[in-house]
Peer 1: 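The following block contains the structure, expressed as C-alpha cells.
Given the structure is predicted, the values throughout are model-derived calculations rather than measurements. Because only heavy atoms are used, hydrogens play no part in the values below, and waters and symmetry mates are left out as well, while side chains stay in.
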Amino acid sequence: MERVQDPVTKWCVLIEETIGRGESQRWGVSEIRKFDTRDEALAAAEQVTRDYQPQHPTFAKGRDVYQVGADSWIVWVPGATREYHFRISVGKQV
C-alpha cells in the first residue's frame, strides 16, 4: 500500500547555533526552514551544512562537517580567536 503525504505535516530544517553578543550570547534556534516532504528537508539540510554562514565566528577559517545521525549534522567552524559549531537537524512539526 502506498503512503500518501499528510498535507498538514511540515518537515523542517532547524539550525541551532550561538546567537547574540557579549553577555547576551546563548545557544538557540536561529532559523527554521519548512518543507513539504522529508526528502526535500534532508536535501536542504545537507546543503545548509556546506553553505550556511553562522553568526559566529565573524571570520571563519573553514569548516568540518560531521553527520551524527540519519537526519542531523554538527558543523565545526574555527575562527580567528575562537572555535564555534552549529547543528542542523531535520524534524517533523507536530
Peer 1: Listing request: all ring pair (Phe, Tyr, Trp, His ring centres under 6.0 Å) pairs with a residue in residues 29-49, at least two apart in sequence or in separate chains.
Peer 2: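 Ring pair (Phe, Tyr, Trp, His ring centres under 6.0 Å) check on residues 29-49 returns no pairs.
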Peer 1: In the structure I gave you, are the side-chain heavy atoms of W11 and D36 within less than 4.5 Å of one another anywhere?
Peer 2: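 The answer is no, as the side chains (C-beta and beyond) never meet within the 4.5 Å cut-off.
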Peer 1: Once rounded to the nearest 0.5 Å, what's the spacing between atom CZ of R50 and atom CD1 of I88?
Peer 2: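 Separation between the atoms: 11.5 Å.
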Peer 1: Test of understanding: with salt bridge (charged side-chain N to carboxylate O under 4.0 Å, His left out), list the residues that count as partners of E83, not counting sequence neighbours.
Peer 2: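 Counting only residues at least two positions away or on another chain, E83 forms no salt bridge (charged side-chain N to carboxylate O under 4.0 Å, His left out).
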Peer 1: Determine the minimum heavy-atom distance between A41 and V13, stating which atoms define it.
Peer 2: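 So the two residues come closest at O-CG2, 3.3 Å.
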Peer 1: ring-ring contact (aromatic ring centres under 6.0 Å, His included) with Y84: which residues, sequence neighbours excluded?
Peer 2: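 Scan of Y84 (ring-ring contact (aromatic ring centres under 6.0 Å, His included), adjacent residues dropped) gives H56.
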Peer 1: Any chain of hydrophobic side-chain contacts (each under 4.5 Å) joining V75 to L42?
Peer 2: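 In one cluster: yes.
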Peer 1: Are I19 and I15 linked, directly or through intermediate hydrophobic residues, by side-chain heavy-atom contacts shorter than 4.5 Å (ILVMFWY only)?
Peer 2: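 As far as the 4.5 Å side-chain criterion goes, I19 and I15 are not connected within one cluster.
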Peer 1: If we ignore hydrogens and angles and just use 3.5 Å, is the side chain of Q25 paired with the main-chain N or O of G22 as donor and acceptor?
Peer 2: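 Not at all, since once roles are kept as given, no pair shorter than 3.5 Å links the two residues.
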Peer 1: Less than 6.0 angstrom separating the ring centers of W27 and H85, yes or no?
Peer 2: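 Centroid separation for W27 and H85: below 6.0 Å.
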Peer 1: What pairs with K92 under side-chain hydrogen bond (donor to acceptor under 3.5 Å, both in side chains), at least two apart in sequence or on another chain?
Peer 2: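 If we apply the side-chain hydrogen bond (donor to acceptor under 3.5 Å, both in side chains) test to K92, skipping adjacent residues, there are no hits.
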Peer 1: Quick one: hydrophobic cluster around V29, which other residues, with the 4.5 Å side-chain cut-off, linked directly or via members?
Peer 2: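 V29 clusters with L14, I32.
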Peer 1: Could you report the tightest heavy-atom contact between Q93 and C12, atom names first, then the distance?
Peer 2: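 For Q93 versus C12, the nearest heavy atoms are CB-SG, 4.2 Å.
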Peer 1: Under 4.5 Å between any side-chain heavy atoms of F86 and Q55, yes or no?
Peer 2: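 Counting from C-beta outward, F86 and Q55 never come under 4.5 Å.
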Peer 1: Would you indicate whether the side-chain heavy atoms of V77 and P57 approach each other to under 4.5 Å?
Peer 2: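 Yes; the side chains approach each other to less than 4.5 Å.
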Peer 1: Can you list everything that forms a side-chain hydrogen bond (donor to acceptor under 3.5 Å, both in side chains) with R26? Sequence neighbours excluded, please.
Peer 2: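 Applying side-chain hydrogen bond (donor to acceptor under 3.5 Å, both in side chains) to R26 gives none.
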Peer 1: Linking Ile, Leu, Val, Met, Phe, Trp and Tyr through side-chain heavy atoms less than 4.5 Å apart, which residues share a cluster with Y66?
Peer 2: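 The other cluster members (ILVMFWY side chains, heavy atoms under 4.5 Å, direct or chained) are V68, I74, W76.
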Peer 1: Taking salt bridge (charged side-chain N to carboxylate O under 4.0 Å, His left out) as the definition, give me every residue that meets it alongside E16, ordered by chain and number, with sequence neighbours left out.
Peer 2: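 With neighbours one apart ignored, the set is R87.
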Peer 1: Pair up each side-chain donor or acceptor in residues 58-65 with any protein partner under 3.5 Å, not counting sequence neighbours, and list the distances.
Peer 2:
from : atom 1 : to  : atom 2 : distance (Å)
R63  : NH1    : T49 : O      : 2.8
R63  : NH1    : Y52 : O      : 3.2
R63  : NH2    : Y52 : O      : 2.6

Peer 1: Checking R33 now: which residues fulfil salt bridge (charged side-chain N to carboxylate O under 4.0 Å, His left out) with it, not counting sequence neighbours?
Peer 2: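 For R33 the salt bridge (charged side-chain N to carboxylate O under 4.0 Å, His left out) partners, ignoring immediate neighbours, are E31.
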